[in-house]
**Q** 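Got a structure for you, questions after.
These figures come from a predicted structure and were not determined experimentally. Count residues from 1 along the sequence.
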Amino acid sequence: MTSRTTVLSLGGSIIAPDKVDTAFLSAFHEAVGAYLDEDRTRRLILVCGGGAPARVYQSALRTVRPDSSAESQDWLGIRATHLNGALVRAIFSDYVEDGLVTDPSADEIAFSGQVLVAAGWKPGFSTDTDAVHLALRFGATTVVNLSNIAKVYTDDPRTNPDARPLDSISWDDFQKMVGTEWTPGRNTPFDPIASALAKEHGMRVICAEGRNIANTMAILRGQDYVGTTIG
């Protein structure tokens, strides 16, 4: 990595796939702590997604009120990211000196420690977009998007047996796959709004399996890794 600051978009699907994955969070904390302790100039921004709590509450709202607005559903997802973010911030308290970031456009965002933790901002996109905004703000040229998939596929492999994993893809081709509009709770490798912003600023995004912690450490250290590079 060229920048000393790296942004990890930590998908809710690996923080809380059905309930909080404490085994993963414990191992992730240990590995990231060792990485940061090796070099005190290294800094990480961890942007937390909503995971199962977001989907459960959004689904409940749609069940009770099928006419509920997309904005209302988005706010439920955002609150779930705040809960996950508060948890991750507490776990990394030895490295965090600032509050949970919930508005990456705020005039002043303190980043005093080695880790800054962020969560959802406002309706209209996922925390992937927050990750891109924070990367731009703090000079990071790469966002590492950690989710429950190892690579981006040409199509959904759950429904299309001919779908192929990709090592790399251009922003133009990626946008053809995910479109340009955001739907609350939608699962895409990287959200359409974030993709447009990253493309506009020539940013690189690496999509990788978040539970493969050794692979994440390889990405951070500039070593060979398994994943898909977009850009």
**Q** Looking only at heavy atoms, which two atoms of G179 and P192 are closest? And how far apart?
**A**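 Distance-wise, the nearest heavy atoms are O-CB, 3.4 Å.
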**Q** Answer yes or no: is there a side-chain heavy-atom contact under 4.5 Å between L166 and K151?
**A**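 SC-SC contact between L166 and K151 ruled out.
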**Q** Have R164 and T154 got a donor and an acceptor in their side chains that come within less than 3.5 Å?
**A**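 Not at all, the side chains of R164 and T154 share no donor-acceptor pair under 3.5 Å.
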**Q** Among residues two or more places apart or on two chains, list those pairs meeting ring-ring contact (aromatic ring centres under 6.0 Å, His included) that have a residue in residues 210-231.
**A**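 Of all non-adjacent pairs touching residues 210-231, none passes ring-ring contact (aromatic ring centres under 6.0 Å, His included).
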**Q** Of all residues at least two apart in sequence or in a different chain, which pass the side-chain hydrogen bond (donor to acceptor under 3.5 Å, both in side chains) check with N145?
**A**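 In terms of side-chain hydrogen bond (donor to acceptor under 3.5 Å, both in side chains), with neighbours along the sequence ignored, N145 is linked to S9.
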**Q** I'd like to know if the side chain of T81 reaches the main chain of I78, judged simply by a donor and an acceptor atom lying under 3.5 Å from each other, with no hydrogens or angles considered.
**A**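 A pair under 3.5 Å: yes.
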**Q** Identify the heavy atoms of T216 and G210 that sit nearest to each other, and give their distance.
**A**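 Taking every non-hydrogen atom into account, OG1-O, 4.2 Å.
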**Q** To the nearest 0.5 Å, how far apart are CG in D37 and CZ in R40?
**A**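 Between atom CG of D37 and atom CZ of R40 there are 4.5 Å.
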**Q** Does any non-hydrogen side-chain atom of L10 lie less than 4.5 Å from one of I15?
**A**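 Yes. Closest side-chain heavy atoms under 4.5 Å.
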**Q** Run through the side-chain heavy atoms of Ile, Leu, Val, Met, Phe, Trp and Tyr, join any pair under 4.5 Å, and report what else lands in V226's cluster.
**A**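 Cluster partners of V226: none, it stands alone.
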**Q** Out of curiosity, N212 CG to F24 CZ, how far, rounded to the nearest 0.5 Å?
**A**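 Reported to 0.5 Å precision, the distance equals 10.5 Å.
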**Q** How long is the gap from CD on E209 to CD1 on I14, to the nearest 0.5 Å?
**A**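 Going from CD on E209 over to CD1 on I14, the span is 7.0 Å.
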**Q** Does D224 CG have over 12 foreign heavy atoms under 6.0 Å away?
**A**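 Atom CG in D224 is not packed in, count stays at 12 or less.
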**Q** Could you check whether Q114 and R42, counting side-chain N and O atoms only, form a donor-acceptor pair closer than 3.5 Å?
**A**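 Looking only at side-chain atoms, Q114 and R42 do not form any donor-acceptor pair under 3.5 Å.
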**Q** Hydrophobic clusters here meaning ILVMFWY residues chained together by side-chain heavy-atom distances under 4.5 Å, can you tell me if L83 and Y57 are in one?
**A**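 They do not share one cluster, since no chain of ILVMFWY contacts under 4.5 Å joins L83 to Y57.
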**Q** Give a yes or no on whether I219 and M217 share a hydrophobic cluster (residues Ile, Leu, Val, Met, Phe, Trp, Tyr; joining criterion: side-chain heavy atoms under 4.5 Å apart).
**A**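 Same hydrophobic cluster.
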**Q** Is there a side-chain contact between V117 and V115, using heavy atoms and a 4.5 Å cut-off?
**A**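 Yes, side chains in contact.
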**Q** Under a 4.0 Å threshold between the charged nitrogen and the carboxylate oxygen, would E71 count as salt-bridged to K122?
**A**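 No, no charged N to carboxylate O under 4.0 Å.
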**Q** Is L136 close to M203 at the side-chain level, that is, under 4.5 Å between some pair of heavy atoms?
**A**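 M203 reaches L136 side chain to side chain.
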**Q** Less than 4.5 Å apart, any side-chain heavy atom of T142 and any of T6?
**A**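 No; the side chains remain at least 4.5 Å from each other.
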**Q** To the nearest 0.5 Å, what is the distance between CD1 (I230) and CD1 (I206)?
**A**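 One finds 10.0 Å between CD1 of I230 and CD1 of I206.
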**Q** Between F190 and W171, what is the ring plane arrangement, given parallel below 30°, perpendicular above 60°, and tilted in between?
**A**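 F190 and W171: tilted rings.
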**Q** Do you know which two heavy atoms are closest between V178 and P189, and how far apart they sit?
**A**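 Reported closest heavy-atom pair: CG1-CD, 4.3 Å.
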**Q** Once rounded to the nearest 0.5 Å, what's the spacing between atom CG of L76 and atom CG of L61?
**A**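 Nearest 0.5 Å value for the CG-CG distance: 5.5 Å.
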**Q** List in chain and number order the residues that pass side-chain contact (heavy atoms from CB on, under 4.5 Å) with D172, two or more places apart in sequence or in another chain; answer none if no residue qualifies.
**A**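 Expected list: S170, Q175, K199.
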**Q** State whether a side-chain donor-acceptor pair under 3.5 Å links T228 with D167.
**A**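 On atom types as modelled, these side chains do not qualify, holding no pair under 3.5 Å.
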**Q** Check whether any side-chain heavy atom of M177 sits under 4.5 Å from a side-chain heavy atom of I169, and report yes or no.
**A**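 They are in side-chain contact.
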**Q** On a heavy-atom basis, which atom in C48 and which in T127 lie closest, and how many Å separate them?
**A**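 What the structure gives for the nearest pair is O-CG2, 3.3 Å.
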**Q** Flag yes if more than 12 heavy atoms outside D107 fall under 6.0 Å of its CG atom; otherwise flag no.
**A**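 Counting other residues, nucleotides and ligands, CG of D107 stays at 12 neighbours or fewer.
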**Q** Which atom pair, heavy atoms only, marks the closest approach of A86 to L100?
**A**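 Smallest interatomic distance, heavy atoms only, reads N-CD2, 4.1 Å.
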**Q** Please check: side-chain N/O of R55 versus main-chain N/O of G77, any donor-acceptor pairing under 3.5 Å?
**A**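 Not a single qualifying donor-acceptor pair exists.
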**Q** List the steps and the verdict of side chain to side chain contact (heavy atoms under 4.5 Å, CB included) for L116 and R43.
**A** CA-CA 8 Å; L116 184 67; R43 303 201 304 173; over 6 Å; no
**Q** So does V56 get a backbone contact from the side chain of S59, meaning a donor-acceptor N/O pair under 3.5 Å?
**A**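 No; zero donor-acceptor contacts below 3.5 Å.
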**Q** Mind checking whether Q73 and Q58 have side chains closer than 4.5 Å, heavy atoms only?
**A**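 Yes, side chains in contact.
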**Q** From Y35 OH over to L220 CG, what is the distance, rounded to the nearest 0.5 angstrom?
**A**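 One gets 4.5 Å once the value is rounded to the nearest 0.5 Å.
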**Q** So, for V143 and A135, which heavy atoms are closest and what is the spacing to 0.1 Å?
**A**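 Shortest heavy-atom separation between V143 and A135 comes out as CG2-CB, 3.9 Å.
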**Q** Can you list every ring-ring contact (aromatic ring centres under 6.0 Å, His included) pair that touches residues 94-129, not counting sequence neighbours?
**A**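 Only F111-F138, W121-F125, W121-H133 qualify under ring-ring contact (aromatic ring centres under 6.0 Å, His included).
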**Q** Side chains of V144 and L146: does their closest heavy-atom pair fall under 4.5 Å?
**A**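 The answer is yes; the side chains approach within 4.5 Å.
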**Q** Linking I/L/V/M/F/W/Y whenever any side-chain heavy atoms sit under 4.5 Å apart, do F28 and V96 land together?
**A**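 Yes, because F28 and V96 connect within a single hydrophobic cluster, where side-chain heavy atoms sit under 4.5 Å apart.
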**Q** Which residue pairs pass the salt bridge (Lys or Arg N to Asp or Glu O under 4.0 Å) test with at least one member in residues 13-24, sequence neighbours excluded?
**A**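 Residue pairs with at least one partner in residues 13-24: D21-R211.
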